[in-house]
Chemist: 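Questions regarding the structure given below will be posed in turn.
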There are 2 protein chains.
Amino acid sequence: MKRVSYTELHQELVRVLLKLGFEKEKAALSARLFAEASRDGVDSHGLNRFPRFVAYIQKGYVRVDQEAVPAKQMGALEQWDGHLGPGNLNAWTCMNRAIELAGKHGIGLVALRNTNHWMRGGAYGWQAAEAGMIGLCWTNTIPNMPAWGAKEAVLGNNPLIIGFPKAEGHIVLDTAMTQFSFGKIESYRRAGKLLPVAGGFDTAGHITHDPAEIEKSGRALPFGFWKGSGLSLLLDLLASSLSEGLSTTQIGQQCEDEYGLSQVFIAIDGMNMGAKAHYEKMLSDTLLAMETATPAAPGEKANYPGERTLRTREENERLGIPVDEAYWAEIKAM
Amino acid sequence: MKRVSYTELHQELVRVLLKLGFEKEKAALSARLFAEASRDGVDSHGLNRFPRFVAYIQKGYVRVDQEAVPAKQMGALEQWDGHLGPGNLNAWTCMNRAIELAGKHGIGLVALRNTNHWMRGGAYGWQAAEAGMIGLCWTNTIPNMPAWGAKEAVLGNNPLIIGFPKAEGHIVLDTAMTQFSFGKIESYRRAGKLLPVAGGFDTAGHITHDPAEIEKSGRALPFGFWKGSGLSLLLDLLASSLSEGLSTTQIGQQCEDEYGLSQVFIAIDGMNMGAKAHYEKMLSDTLLAMETATPAAPGEKANYPGERTLRTREENERLGIPVDEAYWAEIKAM
């Protein structure tokens, strides 16, 4: 497996972004978000996603010269317009603004419309947690998941992120509404593996573990069947109503490609209420119970979300970041 | 099947609550929340739950003479102490306060500690939606769900509610972190039915559809396997840190019974940003796509959360509310 250093990966992505017309600071931040995704083991939204990001710029969906700007304000609640700027930069800007609002009001919510794929959603959970705050955010997507009870994909897989600050490395949930994200399904297919639990339907409508069959049908299984289906709808309605942006259905009416998304960013400054001793005891009691629980099977363990990320990050910082050679060559040639 | 009118059910519950020492207004509201749960088809948290609620008052877990009061305030973010008052009244008070805060700041969050089981969580989603606001709320519980990868129940099933206002009847998601709530598992067992999808583990550690086996092992399956497990942990950490209350682990350390819970209530006044035309078109486009999607199998349909509630409500208002005769007799004799 080829590995490259974080610095080399970052510099290479910056080079390409500058060539595409990004301002210097924006190129640095966008490249950082891509490189950090790969460093943390989320290749599907790091290096491996970068060529499609570039293609979307070339197709005009992602506008390098645009950025998110405020549209409406109501106390701790704001609406921003992304003007189809790069999705990861828009998301970063809006979580930053939610953090500022939370610093002032205790909680802040920024709803963003006309934006693009934010790449690794977990990044914005980490961002809030690094600021010592709780962060919640979610995005809608193009229709890519059948509603429970129906055949066509009328819902999005609408990833939901919750970040919770912790001294030795934050707890960050990053979960799409499908049992597996399409990035993950692709990774399994490329690795020639079956999914560990059922992940979708084949073209005949039967539930299957085969990633290639799910890619063919386009019918990924909502996590928890009707539960993930319902949650997906609500996240979409909240994001598109609060931002006055497009809903998943409306995104799907534009064309086959995914752009013009709606997102929500919430930050909560709860750690600041003078409850440090309570917070530390509560967290250590809770994580100890998970740590010491009897494994369901030998070798298994109850992990908190983000726990494995820290191990992957440490390993990749030490040994270099694994890169898919085909994607890496493609980027080097850009 | 025995049916009683809403008025008869409500009056009977008020009678018992007054006898237990509730003030008149509080008895009326608490009885209303129980009766509305049964009217909407959620028997497990309506009439069928009432005897256990009474038992918890008699055991001293639920304190009839106590109520939620503010503890700390930081702009749009507040902390309240429930003083172990009746859980449904405390929850109602705190969602009301979140709605007030949202009216002022655009968004409001109330974190509540030392409270009790809120009965039907969906009630507080309806409450926010009736006020024209988006409502999100969740509660932690006693440990009753194994973390993914472990045997013991170290997590709670921590129901999450999202209410979204809609003119002809609100969209309200009310979902426990288990694939099935224990109330639902009990209903299937009492009806002598198997669960439609796998719902937990038997005492030998195998995944099963049999409700009685799951009740024996106490190991319900998190919805979406590791996904519901992770979401449950985060909801618990948010509720207990923001409220300075007990986490699921700490609730389990008290005793076998469930009391002293932590909850979060969020209201968002997003409909008020002058976006009525956008909201109506977005909602009708989205619901139309679900309405017209090809059924997965003949007779199936993509429903939005809360859609079936409206049909049940209408039927029960017309014909009377079905009551379990044993529970009804028990309450009549109180």
Side-chain angles (χ1 to χ4, degrees), chain A residues 72 74-77 79 104-107 109 134 147-152 154 162 164 171 173 175 179 197 205 223-225 227-228 230-231 233-234 236-238 240-242 244 247-250 268-270 273 275 278-279 282-283 285-286 289-290 293-296 300-305, chain B residues 72 74-77 79 104-107 109 134 147-152 154 162 164 171 173 175 179 197 205 223-225 227-228 230-231 233-234 236-238 240-242 244 247-250 268-270 273 275 278-279 282-283 285-286 289-290 293-296 300-305:
Chain A
K72 282 187 189 172
M74 182 184 173
L77 179 65
Q79 206 177 71
K104 193 172 162 196
H105 301 283
I107 182 171
L109 186 154
I134 290 169
W148 185 250
K151 270 195 179 160
E152 305 96 284
V154 291
I162 308 180
F164 185 83
I171 302 177
L173 178 80
T175 182
Q179 186 65 53
V197 299
F223 86 105
F225 311 95
K227 297 202 160 198
L231 186 53
L233 175 67
L234 267 300
D236 180 34
L237 294 178
L238 266 60
S240 52
S241 67
L242 291 172
E244 287 187 66
S247 72
T248 285
T249 297
Q250 296 174 323
I268 310 172
D269 194 11
M273 289 200 284
H278 167 273
Y279 156 80
M282 180 281 293
L283 192 57
D285 283 359
T286 299
M290 289 187 69
T294 316
E300 292 189 18
K301 185 182 165 300
N303 286 292
Y304 65 78
Chain B
K72 283 187 189 172
M74 182 186 173
L77 180 65
Q79 208 177 70
K104 192 172 162 194
H105 301 282
I107 182 171
L109 186 154
I134 289 168
W148 184 250
K151 270 193 178 161
E152 305 95 284
V154 291
I162 307 180
F164 185 84
I171 302 178
L173 178 78
T175 180
Q179 186 65 53
V197 299
F223 86 104
F225 311 96
K227 297 203 160 199
L231 185 53
L233 176 67
L234 265 301
D236 181 33
L237 293 178
L238 266 61
S240 52
S241 67
L242 291 172
E244 287 187 65
S247 72
T248 285
T249 298
Q250 296 174 323
I268 310 172
D269 194 12
M273 291 199 285
H278 167 273
Y279 156 81
M282 179 281 293
L283 192 57
D285 283 359
T286 299
M290 289 188 67
T294 317
E300 291 188 19
K301 185 182 165 299
N303 286 292
Y304 65 78

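Order of the sequence lines fixes the chain letters, A, B, ..., with proteins taken first and strands second; residue numbering starts at 1 for each chain.
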Chemist: Look at A/V154, A/T294, A/N303, A/L238 and state which one has the largest set of heavy-atom pairs under 4.5 Å with chain B.
Modeler: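 Option with the top pair count is A/T294.
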Chemist: Tell me, side chain or backbone of B/L233 under 4.5 Å from chain A's heavy atoms, or both, or neither?
Modeler: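 Answer is side chain: those atoms of B/L233 sit under 4.5 Å from chain A.
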Chemist: Which atom pair, heavy atoms only, marks the closest approach of B/G106 to A/L77?
Modeler: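 It is O-CD2, 3.4 Å.
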Chemist: Against chain A, label B/Q179 side chain, backbone, both or neither, depending on which of its atoms sit under 4.5 Å from a heavy atom there.
Modeler: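 Both backbone and side chain.
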Chemist: Please find the pair of heavy atoms, one from B/A150 and one from A/A293, that lie closest to each other, and give the distance.
Modeler: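 Closest approach of B/A150 to A/A293: CB-CB, 3.6 Å.
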Chemist: Go through the atoms of A/L234 and report whether side chain, backbone, both or neither lie under 4.5 Å from a heavy atom of chain B.
Modeler: side chain
Chemist: Heavy-atom pairs under 4.5 Å with chain A: which of B/I134, B/D236, B/L237 has the most?
Modeler: B/L237
Chemist: So, for A/S241 and B/F164, which heavy atoms are closest and what is the spacing to 0.1 Å?
Modeler: OG-CE1, 3.4 Å
Chemist: Please look at B/I171 and chain A and tell me whether the side chain, the backbone, both or neither of the residue comes under 4.5 angstrom of a heavy atom of that chain.
Modeler: both
Chemist: Using the test side chain to side chain donor-acceptor pair (under 3.5 Å), find all partners of B/T175 that sit at least two apart in sequence or belong to another chain.
Modeler: A/K227
Chemist: Do you know which of B/T249, B/I268, B/L283, B/T248 has the most heavy-atom pairs with chain A at a distance under 4.5 angstrom?
Modeler: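 Sorted descending by pairs with chain A, the first entry is B/T249.
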Chemist: In terms of heavy-atom pairs under 4.5 Å, which option from B/G205, B/A302, B/G75 contacts chain A the most?
Modeler: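 Winner by heavy-atom pair count: B/A302.
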Chemist: Of all the heavy-atom pairs spanning B/E244 and A/A275, show the shortest one and how long it is.
Modeler: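 Shortest heavy-atom contact: CD-CB, 3.0 Å.
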Chemist: Search all heavy atoms of A/M290 against all heavy atoms of B/A147 and return the closest pair with its distance.
Modeler: CE-CB, 4.0 Å
Chemist: CE of B/M74 to CD1 of A/I107: how many Å apart, nearest 0.5 Å?
Modeler: 10.5 Å
Chemist: Under 4.5 Å, counting heavy-atom pairs only, tell me which of B/K104, B/E300, B/M282 racks up the most with chain A.
Modeler: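 Option with the top pair count is B/M282.
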Chemist: Considering only heavy atoms, which portion of A/L231 lies under 4.5 Å from any heavy atom of chain B: side chain, backbone, both, or neither?
Modeler: both
Chemist: Compare every heavy atom of A/S247 with every heavy atom of B/T286, then report the nearest pair and how far apart it is.
Modeler: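 For B/T286 versus A/S247, the nearest heavy atoms are OG1-OG, 2.8 Å.
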